[in-house]
Amino acid sequence: MRELLLVGGGGLLGSVARYLVFRAIVVLSPEGSALRTFPLGTLVVNVAGCFAIGALLAAGERGPGWSESARLFLLTGVLGGFTTFSAFGLDTFTLAREGRVLVAAANVLLQVVCGLVAVWAGFRALSH
């Protein structure tokens with residue numbers, strides 16, 4: 001139960017942060033600009049989440065390490081609520097860092113292609 005509260009509490013914070021970033025980008029983008037037609041909010045959140053998960057990984061390796069509770073709250077909860085793309089980035093980075101470059105490349109290809117196909121399939125399934 002404790003683990004669920006850590007992940008859920010972190011997820012709440014991450015989701016709220018994601019929403020605030022999206023709103024800030026809309027507010028700061030001039031009306032009628034190309035920034036309003038490009039998914040800039042998604043890009044900013046995904047890149048920021050990847051940066052944050054990389055920085056937290058490095059901080060955990062430089063110091064005494066992260067407790068399981070801190071990992072659940074920060075990585076799974078906060079960053080999972082902020083963007084699951086950061087988890088994808090971390091998984092791919094870890095595979096490549098371990099020398100499993102082909103597996104890392106397969107992960108990128110499968111995640112992107114299968115994700116797009118799933119969006120299309122879900123749309124098609126309910127659009128008729």
Side-chain angles (χ1 to χ4, degrees):
M1 181 58 129
R2 183 173 183 276
E3 291 87 3
L4 291 176
L5 292 174
L6 288 168
V7 172
L12 171 71
L13 295 176
S15 295
V16 169
R18 180 180 63 230
Y19 173 76
L20 292 174
V21 168
F22 281 124
R23 292 301 314 149
I25 287 172
V26 168
V27 168
L28 296 173
S29 299
E31 193 70 42
S33 75
L35 293 176
R36 293 238 178 156
T37 61
F38 182 80
L40 185 61
T42 302
L43 176 64
V44 168
V45 164
N46 286 340
V47 172
C50 286
F51 177 84
I53 209 165
L56 289 172
L57 176 67
E61 288 184 358
R62 290 182 82 192
W66 295 101
S67 68
E68 185 60 23
S69 294
R71 288 183 66 82
L72 286 172
F73 179 76
L74 290 171
L75 301 180
T76 306
V78 174
L79 290 175
F82 191 62
T83 172
T84 56
F85 194 79
S86 60
F88 162 70
L90 179 60
D91 290 344
T92 305
F93 174 79
T94 300
L95 289 167
R97 188 176 180 196
E98 293 171 349
R100 301 170 63 194
V101 178
L102 289 178
V103 178
N107 186 48
V108 171
L109 182 67
L110 288 169
Q111 294 279 355
V112 172
V113 171
C114 292
L116 291 172
V117 168
V119 169
W120 173 83
F123 179 81
R124 293 280 296 163
L126 297 177
S127 66
H128 287 39

- prompt: Can you hop from V47 to V44 via hydrophobic side chains spaced under 4.5 Å?
  reply: yes
- prompt: Same hydrophobic cluster for L109 and V117, using side-chain heavy-atom links shorter than 4.5 Å among ILVMFWY?
  reply: yes
Measuring from [X]:[atom1] to [Y]:[atom2], what's the distance to the nearest 0.5 Å?
X: L40; Y: F22; atom1: CG; atom2: CZ; result: 9.5 Å
X: R23; Y: L28; atom1: CZ; atom2: CG; result: 10.5 Å
X: L5; Y: L12; atom1: CG; atom2: CG; result: 12.0 Å
X: N46; Y: F82; atom1: CG; atom2: CZ; result: 8.5 Å
X: R97; Y: L90; atom1: CZ; atom2: CG; result: 9.5 Å
X: F85; Y: L43; atom1: CZ; atom2: CG; result: 9.0 Å

query: Which pair of heavy atoms, one from G89 and one from C50, lies closest together, and at what distance?
result: CA-SG, 4.4 Å
query: Do W66 side-chain atoms and L75 backbone N/O form a donor-acceptor pair below 3.5 Å?
result: no
query: Does CG in L102 sit with more than 12 non-hydrogen atoms of other residues, nucleotides or ligands closer than 6.0 Å?
result: no
Does [X] reach the side chain of [Y], with side-chain heavy atoms less than 4.5 Å apart?
X: L79; Y: L56; answer: yes
X: L13; Y: F73; answer: yes
X: F88; Y: N107; answer: yes
X: L57; Y: F93; answer: yes

